[in-house]
Amino acid sequence: MTSQSTANTPTPDQIRRAPKVLLHDHLDGGLRPATVVDLARESGYPHLPDTDPGKLGLWFREAADSGSLERYLETFSHTVGVMQTRSALVRVARECAEDLAADGVVYAEVRYAPEQHLEGGLGLEEVVEAVNEGFREGERLARAAGHRIRVGALLTAMRHAARSLEIAELANRHRDLGVVGFDIAGAEAGFPPTRHLDAFEYLKRENNHFTIHAGEAFGLPSIWQALQWCGADRLGHGVRIIDDIEVGPDGEVRLGRLASYVRDKRVPLELCPSSNLQTGAAASYAEHPIGLLRRLHFRATVNTDNRLMSGTSMSREFERLVEVFGYTLDDMQWFSVNAMKSAFIPFDERLAMINDVVKPGYAELKSEWLFQQTASTSGSAESAG
Ligand SMILES: O=c1[nH]cnc2c1ncn2[C@H]1C[C@H](O)[C@@H](CO)O1
Ligand SMILES: [Zn+2]
């Protein structure tokens, strides 16, 4: 007999159809391999390690599988290298929205660093306008294909560079025009978030939103600075908060002051399990702190980080979580509502997304078992005469 609890374990098809919310995805980490090849050919970019899309996709996954964030980041020279013209940026952003929508993502915040796309002569404003145009086109095409998605951009400043205030100002100028917030990214060790205090203080004065990559390659001091010095609204990764959580031999859990603060204040953690395995921030999926953080009711969210480098998607991340932690549709809904609550769009829009899109989507999936059972019962009744 089918019970609700077993039927509540989602199938791969249900995982794909479930409404998912993505807060941490890099535009330059999510290109289709075939698009990288096309764009390299069109622009004459000569450095691609392979021009066969299948082999190139594999190359990205293997090269990113280095165990170090620094080496992981080296792979971006090829994607950024082919994203230097207006048409390339429009195409990459359009395909990003289409791919996420086809994967069942209903809301996404996608980030990129405008300062990395100026080599072909574009200005910062032109970069932002091209990406926004691509997202809007992608949303329209997705809708025509039967999917609904809304994509907001986050503008990233590179933490080793010195343009963060300028990029924060750029984000602020475009805030009602498709840009929903700001971020800093890049190698963490040696580049503390406090180097960019002027950018964060500017954004706070402007009542704007920002997240900071922190607690990925570097531990608690980075998280502490991001929150208590810089005032981040969310933590990009934040997975190393686990270093401030002690689980005793009897299973008793003790939170340190910083972990308590993060949980008490409902600080959103943009967790990216597959990416963490590649950069060495977690040893295996089963050992990934997301299991404990979910049990302890941190404001945990599930994210892809870089779909190309990790060969992943939101559905794939959830498939692995279901496999390893036995998560159900209720868990998926919990992560998705957490993410939607933590988005940078206005409160009324977040609430409407939760109540009118996310929850009804899960309710629909959770009710499917009822009809399957009816179908099989009536079938056996008929055959029994
Ligand atoms: O996981 C990451 N940690 C730090 N920086 C990252 C990560 N993934 C991508 N980046 C960098 C490389 C990209 O070129 C940049 C902007 O998207 O952000
Ligand atoms: Zn990231």
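Just follow the structure's listing: the first ligand is 1, and inside any ligand the first atom is 1.
- At a heavy-atom distance under 4.0 Å, no atom of Glu188 approaches ligand 1.
- Ring geometry, Phe210 versus Phe200: the interplanar angle falls under 30°, so the pair is classed parallel (tilted spans 30 to 60°).
- Between Asp305 and ligand 1, at least one pair of N/O atoms sits closer than 3.5 Å.
- For a threshold of 3.5 Å applied to N or O pairs, the pair formed by Asp28 and ligand 1 contains at least one separation below that value.
- In Asn306, the part holding a heavy atom less than 4.0 Å from any atom of ligand 1 is the side chain.
- Contacts between Thr279 and ligand 1 below 4.0 angstrom, taking non-hydrogen atoms only, are absent altogether.
- Taking a cutoff of 4.0 Å between a charged side-chain nitrogen and a carboxylate oxygen, Glu206 and Arg175 do not qualify as a salt bridge.
- Between Lys204 and Glu201, no side-chain nitrogen of the basic residue sits less than 4.0 Å from a carboxylate oxygen of the acidic one, so the salt-bridge criterion is not met.
- Aromatic ring pairs are classed by plane angle as parallel below 30°, tilted from 30° to 60° and perpendicular above 60°; the pair Phe344 and His209 is parallel.
- A salt bridge links Glu133 with Arg86: at least one charged nitrogen is closer than 4.0 Å to a carboxylate oxygen.
- Here the shortest heavy-atom pairing between Val324 and Ala286 reads CG1-CA, 3.3 Å.
- Protein heavy atom at the shortest distance from atom 3 (N) of ligand 1 is Glu216 OE1, 2.8 Å.
- When non-hydrogen atoms are compared, ligand 1 lies under 4.0 Å from the side chain of Leu73 (C-beta onward) but not from its backbone.
- No heavy atom of Arg159 sits closer than 4.0 Å to any atom of ligand 1.
- Under a 4.0 Å heavy-atom criterion, Gly186 is in contact with ligand 1.
- Using bins of under 30°, 30° to 60° and over 60° for the plane-to-plane angle, the ring pair His47/Tyr45 lands in the perpendicular bin.
- Using a 4.0 Å cut-off between charged side-chain N and carboxylate O, Asp65 and Arg61 make no salt bridge.
- For the pair His24 and ligand 1, the shortest N or O to N or O distance does not fall below 3.5 Å.
- Remark: Trp224 CH2 to Ile241 CD1 distance equals 13.0 Å, nearest 0.5 Å.
- The single protein non-hydrogen atom nearest to atom 7 (C) of ligand 1 is His26 NE2, 3.7 Å, given as residue, atom name and distance.
- Residues Tyr285 and Phe325 keep their aromatic ring centres 6.0 Å or farther apart.
- Within the listing of ligand 1, atoms 3 (N) sit less than 4.0 angstrom from a heavy atom of Leu69.
- Listed by chain and residue number, the protein N/O/S atoms under 2.8 Å of the Zn ion (ligand 2) are His24 NE2, His26 NE2, His213 NE2, Asp305 OD1, with waters left out.
- Electrostatic pairing of Arg234 and Glu270 counts as a salt bridge here, judged by a charged N lying under 4.0 Å from a carboxylate O.
- Salt-bridge formation is not detected for the pair Arg71/Glu74: no Lys NZ or Arg NE/NH1/NH2 atom is positioned less than 4.0 Å from an Asp or Glu carboxylate oxygen.
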